[in-house]
Amino acid sequence: MRRAVAVPLVLLLAAAGCTRASDPVPVRTPVPQPTFSAGTDGIGDDYFPAYGNGGYDVAGYDLNLRYDPASGKLGGTATITATATQDLSAFNLDLAGLTVSSVTVDRATARFSAARNELTVTPAVGIVRTTQFTTVVEYAGTPQAIGNDTLGEGGWQRTRDGGFALGQPESASTWFPVNDHPADKATFELAMTVPDGVAAISNGVPGGRTSSGGWSTWTWTESKPLASYLSFVAIGHYRVESATHLGKPMVIAIPESLPADGPAAKSLARTGEVADFLATQFGPYPFDAYGGVVLDDQRVSYALETQSRPVYGSVFFRAENAGVVAHELAHQWFGDSVALERWQDIWLNEGFATYAEWLWSEHEGTATAQQIFDRKYESFDWTRTPGRPGTAGLFGEAVYDRGGMTVHALRKAIGDAAFFGLLKSWPAEHADGNATTEDFVRSAEKAAGGKDLSAFFDDWLYGRTKPPLSVNQ
Ligand SMILES: [Zn+2]
């Protein structure tokens, strides 16, 4: 992101055998029965205990939805393929403000109940650990944003000509049932039906578009696992340009309210060029599609690295701005392909995206990374730390600027050869996965030939005084 300025339901699985009086009574050794219990209603994140759920691991979401801009109503079906990570009697999905009409698990009707932002599903029979199961949820309603006092609103927002769903750290649960935490990445497919003449843009590779009775269905497939907050949809009047870049689809959508050749369009037109530059620094571009979407809405005062197709608030484009494009595209490696395991490690996303802006600036001949570092190093308030920033500091200056400085200081500490090797080996080792700060420290030490960097990271990520500058040793 870049800112502009249940009660456990124990299911008794009685094997109801039918025995006639004349049958011999079988002699059986007792078999240990699996202990079925409900999955937890949070995935275990210290910062956001209610986010996500436990007991299963989603492999894919397949959404078939219809949205009517005139009424603001959304409805349809979510098909969720998952694997049980425990013997499950019941499990939760996150869903905020929408009404569920039916749930099946493996085609059998399931009981369900909704309370606050949790949908609890009780399948007809318990699900054995390691079993894959398919949940189909039919739902409808008028989607609404959710949020909190410190981080603002995320999720669905209605607009004059449509709507959009966007936000960090949460957004997805306002428009589909989801295990809403980046630790559970999954593939994402969307078929969104909207009135003819209205566009519906989302993540990944565009599929065929069909039209019937005045409604058009737009289809999108993200086949690389995605953290739920990196899903999005933007519905409205857009100029949608489809092209290919290095053999992959490039889809750029600019609202009709903005000029076709204005700063927003000119900035996003550089998407391929910026992505190619970043690939020279970070290794091959990690996804199957490229692109970008601009939202011309004053509620969106940020840009977000939605997977394969970042979304940018128009506030960034009073003039041409490829820097913000570099930031959001850098997240495709740092944040999207290598996703957070827990929110407290957000500097792993923002520190590297900030540093990518510095590298881009140097590439453009504006200012070198060293010059930008020097300026910030002199004036920064070191009482604020990027490691474990707290929920209120999740998108604070320390995470971005001190995060970026930490990356540059690491470069100085281990030398350019080890550092630029690490910039490529880290995304390669954790591609399509999740990682923590501890994982990164280990990778950095390995890249540095086994050097102990614990004191370095303690100073830069957690220390409350100005960290000393190390010279390449
Ligand atoms: Zn960012």
Side-chain angles (χ1 to χ4, degrees), residues 1-5 47 150-154 166-171 182 203 226-232 267-268 270-271 274-275 277-278 281-282 285-287 290-295 300-317 321-361 369 372 376 384-387 389-408 423 426-427 430 434-435 437 440 461:
M1 179 186 276
R2 196 35 145 166
R3 289 208 160 152
V5 220
Y47 280 19
T150 49
L151 298 173
E153 291 205 314
L166 187 72
Q168 185 184 17
E170 61 175 344
S171 159
N203 309 85
L226 153 154
S228 51
Y229 79 93
L230 297 172
S231 65
F232 83 100
S267 303
L268 266 68
R270 300 188 71 184
T271 293
V274 174
F277 165 72
L278 295 175
Q281 310 292 304
F282 306 149
Y285 179 75
F287 300 121
Y290 296 90
V293 179
V294 176
L295 289 185
V300 182
S301 58
Y302 59 89
L304 185 60
E305 60 270 23
T306 39
Q307 189 154 313
S308 79
R309 192 156 295 119
V311 173
Y312 306 88
S314 58
V315 63
F316 285 98
F317 302 118
N321 181 356
V324 70
V325 175
H327 181 106
E328 302 311 333
L329 290 180
H331 276 308
Q332 304 304 311
W333 287 261
F334 295 93
D336 293 15
S337 179
V338 186
L340 297 175
E341 179 72 26
R342 46 186 202 207
W343 281 107
Q344 68 183 53
D345 296 326
I346 184 81
W347 84 275
L348 282 175
N349 293 9
E350 302 304 345
F352 284 90
T354 300
Y355 197 62
E357 288 184 65
W358 302 2
L359 293 173
W360 175 254
S361 163
I372 299 170
K376 293 189 184 290
R384 292 176 296 168
T385 65
T391 52
L394 213 54
F395 303 113
E397 214 177 20
V399 164
Y400 288 76
D401 285 352
R402 189 166 163 183
M405 281 191 277
T406 300
V407 175
H408 188 73
L423 285 190
W426 171 254
H430 297 276
N434 296 85
T437 297
F440 182 73
L461 294 179

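Reckoned from all heavy atoms, side chains included, excluding hydrogens, waters and symmetry mates. The structure presented is a predicted model; accordingly, all values stated were derived computationally and were not measured. All ligand and atom numbering here is 1-based and tracks the order in the structure.
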* Structure fact -> Those residues at least two apart in sequence (or on a different chain) that pass salt bridge (Lys or Arg N to Asp or Glu O under 4.0 Å) with E357 are R2

* To do: Just give me the atom name: the N, O or S atom of E350 closest to the Zn ion (ligand 1).
  => OE1

* Return yes when at least one N/O/S atom of M1 is nearer than 2.8 Å to the Zn ion (ligand 1), and no when none is. => yes

* Using distance alone, with no hydrogens and no angle criterion, decide if N321 and S267 have a side-chain donor and acceptor under 3.5 Å apart. => no

* So which N/O/S atom does H327 have closest to the Zn ion (ligand 1)? -> NE2

* Parallel, tilted or perpendicular: which fits the ring planes of Y229 and W343, with parallel below 30° and perpendicular above 60°? -> tilted

* Partner residues of S361 under the side-chain contact (heavy atoms from CB on, under 4.5 Å) criterion, sequence neighbours left out -> T366, A367, I372

